[in-house]
Amino acid sequence: MPEYFLGKREQIAMCPEDSWANLGTKTMADDGFIVGKNATITPDFSKNWQEILTAGADSRDIESMEKGPESYRFTMTFNPTNWKFLKYCTHGSVTNTGTNPTVHTFTATDTVKSFTLEWAKRGATDHVITLTGCVITNLTISFAKGFGATEGFVTVTAECLAKSASPGTSTTNISPDTNEAFQFRMVKLTYAGNEVTEVNNGELTIDNGIDEMDSRYCNSTLNQSIGEPIPKVRRYTCRFNINQKDDTYYDDWEDQVVVPGTNKLEFIRGTSPDDNCVFTFNGLYLQTAVSPTNIEGVTNVDLVGTIKSVDIVAKDALTDY
């Protein structure tokens, strides 16, 4: 009986690079870590073969194909158990203070950190794809109330871009992630200084403004590969679906001013105040806050907002952010 690959057996691990597309002194065995729980990769790889339509033959068919620009885009999803992945998005500088818990204070940077990703499909002979020079182009943290076996987890969706990929058959032995995944029941939204209980679902998106074509060059050294990605304007957007009981959100939208007071999104694991991550919004502007008619149900509204900047502080038992 042949042994087929099973997604459940895959290992998806990442390792910080010393410089773009270069591990330097780091190794996957010593510095690599499992991305999170229920991790998946959806590839969008292409060799982009380019057509030679005619070389003088009398034919309507394509005559040949030439190698084109290689493209290694992929989407990575996982349920987070910690917040170290954020330093590979926009907040590349982290100050770690104290122990039990360690306070991780993230600082937004003008550059983005790169990483090497090992995507291992285990079988009789493993199929291991190693992607180098990976960067996160945009990232969404989403959550929704749920009751099923696989529902209700906080989910990170990261759109990524890599320089190159190489195949292999050797999977690096990395310890499984034993920490508890964050769930919808651990979410707390504060809007205009007040906690909002009636949140059905929501998401926070961080976009690095990276366009693959900005680093695609006419250069024989790079050949088919891209050059180092260039982050442009950083943008934060959010959406929260809330059961509506008055016109507060509509009024804030209609007034066309920054939402007053404290606005933040927290993920609190357990009962300890020392195991959490807090996203504090600096300058929250509502793009829309008008609810549709729900003729047989509770009226709910999507608060869609743009945020000028976000401060991030996490606390947990880890010391290696």
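All residue numbers refer to positions in the sequence shown, counting from 1.
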Check: Does the side chain of Asp316 pick up a donor-acceptor pair with the side chain of His104 at under 3.5 Å?
Finding: yes

Item checked: Heavy-atom check, side chain of Trp20 versus side chain of Thr111, under 4.5 Å -> no

Notebook entry, point to check: Has the side chain of Asn79 got a donor or acceptor atom that lies under 3.5 Å from a matching backbone atom of Val154?
Noted result: yes

Check: Once you round to the nearest 0.5 Å, how far does CG of Asn138 lie from SG of Cys160?
Finding: 8.5 Å

Note to self: Applying ring-ring contact (aromatic ring centres under 6.0 Å, His included), can you list everything that pairs with Tyr191, at least two apart in sequence or on another chain?
What the structure shows: Tyr249

Margin query: Under a 3.5 Å cutoff, is there a donor and acceptor pairing between the side chains of Asn208 and Thr137?
Written below: no

Check: Do Thr105 and Val94 touch side chain to side chain, with heavy atoms closer than 4.5 Å?
Finding: no

Next item on the list: Output every pair passing side-chain hydrogen bond (donor to acceptor under 3.5 Å, both in side chains) with a member in residues 218-228, not counting sequence neighbours, ordered by first then second residue.
Entry: none

Note to self: Which heavy atom of Pro16 sits nearest to which heavy atom of Phe33, and what is that distance?
What the structure shows: CD-CE2, 4.4 Å

Margin query: Quick one, Gln50 and Met65 - any side-chain contact, counting heavy atoms below 4.5 Å?
Written below: no

Check: Is the closest side-chain donor-acceptor distance between Thr109 and Ser93 under 3.5 Å?
Finding: no

Check: Is the backbone of Val257 close enough, under 3.5 Å, to the side chain of Asp255 for a donor and an acceptor to pair up by distance?
Finding: no

Notebook entry, point to check: Are Asp320 and Lys84 ion-paired here, with the side-chain N under 4.0 Å from a carboxylate O?
Noted result: yes

Notebook entry, point to check: Any donor and acceptor pair, going by atom type alone, linking the side chain of Glu66 with main-chain N or O of Glu51 inside 3.5 Å?
Noted result: no

Notebook entry, point to check: Just by distance, with hydrogens left out, do Ser291 and Gln244 show a side-chain donor and acceptor under 3.5 Å apart?
Noted result: yes

Notebook entry, point to check: Remaining members of Val313's ILVMFWY cluster at a side-chain heavy-atom cut-off under 4.5 Å?
Noted result: Val103

Next item on the list: Consider only side-chain N and O atoms of Thr248 and Asp251, and report whether a donor and an acceptor are under 3.5 Å apart.
Entry: no

Next item on the list: Would you check if the side chain of Lys232 reaches a backbone N or O of Gly209 as a donor-acceptor pair within less than 3.5 Å?
Entry: yes

Next item on the list: Flag the pair Leu117 / Phe74 as yes when at least one side-chain heavy-atom distance between them is below 4.5 Å, and no otherwise.
Entry: yes

Margin query: Around atom CZ of Arg235, are there more than 12 heavy atoms from other residues, nucleotides or ligands closer than 6.0 Å?
Written below: no

Checklist line | Test ring-ring contact (aromatic ring centres under 6.0 Å, His included) applied to Tyr88 - qualifying residues, sequence neighbours left out | finding: Phe115

Next item on the list: Assess the side chains of Thr169 and Asp126: does a donor N or O sit below 3.5 Å from an acceptor N or O?
Entry: no

Checklist line | Nearest-0.5 Å distance that lies between atom CZ in Arg269 and atom CG in Asp275 | finding: 4.0 Å

Note to self: Checking Glu118 against Thr130: is there a side-chain donor and acceptor pair closer than 3.5 Å?
What the structure shows: no

Note to self: I'd like to check Ile226 versus Ser215 (side-chain heavy atoms, cut-off strictly below 4.5 Å). Are they in contact?
What the structure shows: yes

Margin query: Give me each pair satisfying salt bridge (charged side-chain N to carboxylate O under 4.0 Å, His left out) with a member in residues 41-50, each pair once, sequence neighbours excluded.
Written below: Asp44-Arg73, Lys47-Glu70

Notebook entry, point to check: Should we count NZ of Lys113 as having more than 12 external heavy atoms under 6.0 Å?
Noted result: no

Next item on the list: Kindly give the heavy-atom pair with the smallest separation between Leu303 and Ala289, and that separation in Å.
Entry: CD2-CB, 3.6 Å

Notebook entry, point to check: Are Thr237 and Asp207 close enough that a side-chain donor and a side-chain acceptor fall under 3.5 Å?
Noted result: no

Next item on the list: Identify the two heavy atoms, one from Ala120 and one from Val128, that lie closest to each other, and give their separation to 0.1 Å.
Entry: CB-CG2, 4.0 Å

Checklist line | Value rounded to 0.5 Å, distance of CG in Asp31 from SG in Cys15 | finding: 5.0 Å

Notebook entry, point to check: Would Phe240 and Leu265 count as a side-chain contact (heavy atoms from CB on, under 4.5 Å) if you check the C-alpha gap in whole Å, the side-chain angles of each, and the deciding distance to 0.1 Å?
Noted result: CA-CA 10 Å; Phe240 304 108; Leu265 178 64; 4.2 Å; yes

Next item on the list: Report yes if the distance between the aromatic ring centroids of Phe153 and Phe143 is under 6.0 Å, otherwise no.
Entry: no

Check: Which pairs with one or both residues in residues 2-13 pass side-chain hydrogen bond (donor to acceptor under 3.5 Å, both in side chains), sequence neighbours excluded?
Finding: Glu3-Arg9, Glu10-Trp119, Gln11-Arg122

Check: Taking only residues at least two apart or on different chains, which pairs with a member in residues 298-309 satisfy side-chain hydrogen bond (donor to acceptor under 3.5 Å, both in side chains)?
Finding: Arg239-Asp302, Asn241-Asn300, Asn241-Asp302, Asn282-Ser309, Gln287-Thr306

Notebook entry, point to check: Is it true that the side chains of Asn276 and Lys315 contain a donor and an acceptor less than 3.5 Å apart?
Noted result: no

Item checked: ILVMFWY cluster membership beyond Ile174 - transitive side-chain contacts under 4.5 angstrom -> Met28, Ile34

Margin query: Which heavy atom of Ala21 sits nearest to which heavy atom of Lys163, and what is that distance?
Written below: CB-CD, 3.9 Å

Item checked: Heavy-atom pair with the smallest gap, counting every atom of Pro229 and Leu161 -> CG-CD2, 4.4 Å

Check: Quick one: hydrophobic cluster around Tyr285, which other residues, with the 4.5 Å side-chain cut-off, linked directly or via members?
Finding: Val258

Check: Given side chains that start at C-beta, do those of Thr40 and Met76 come closer than 4.5 Å, heavy atoms only?
Finding: no

Next item on the list: Heavy atoms only: give me the nearest His91-Val310 pair and the separation to one decimal.
Entry: NE2-O, 3.0 Å

Check: Nearest 0.5 Å, what's the CD-CD distance between Glu198 and Glu195?
Finding: 9.0 Å

Checklist line | Pair listing, ring pair (Phe, Tyr, Trp, His ring centres under 6.0 Å) test, anchored in residues 44-72, at least two apart | finding: Phe45-Tyr72

Notebook entry, point to check: Do Thr205 and Thr140 get their side chains close enough for a donor-acceptor pair, meaning under 3.5 Å?
Noted result: yes

Margin query: Centre-to-centre under 6.0 Å for Trp83 and Phe106, is that the case here?
Written below: no

Note to self: Go through it in stages, so that I can follow the logic: the residues are Leu53 and Ile62, the test is side-chain contact (heavy atoms from CB on, under 4.5 Å), and I'd like the CA-CA distance, side-chain angles, deciding distance and then a yes or no.
What the structure shows: CA-CA 5 Å; Leu53 294 180; Ile62 294 172; 4.0 Å; yes

Margin query: Could you check whether Thr116 and Glu17, counting side-chain N and O atoms only, form a donor-acceptor pair closer than 3.5 Å?
Written below: yes

Next item on the list: May I ask you to test the Thr75-Thr157 pair for a side-chain heavy-atom distance under 4.5 Å?
Entry: yes

Margin query: Taking NZ in Lys67 as the centre, count heavy atoms belonging to other residues, nucleotides or ligands within less than 6.0 Å. Is the count above 12?
Written below: no

Item checked: With sequence neighbours excluded, residues passing ring-ring contact (aromatic ring centres under 6.0 Å, His included) with Tyr217 -> none

Next item on the list: Identify, with sequence neighbours excluded, every residue that meets ring-ring contact (aromatic ring centres under 6.0 Å, His included) alongside Phe5.
Entry: none

Notebook entry, point to check: Got a second to check how far Ile41's CD1 is from Phe78's CZ, nearest 0.5 Å?
Noted result: 9.5 Å

Checklist line | Any donor-acceptor N/O pair, Ser46 side chain to Asn48 backbone, under 3.5 Å | finding: yes

Next item on the list: Walk me through it: do Asp177 and Lys37 pass the test salt bridge (charged side-chain N to carboxylate O under 4.0 Å, His left out)?
Entry: CA-CA 7 Å; Asp177 188 342; Lys37 300 293 180 70; 5.0 Å; no

Notebook entry, point to check: Side chains of Leu204 and Phe281: does their closest heavy-atom pair fall under 4.5 Å?
Noted result: yes

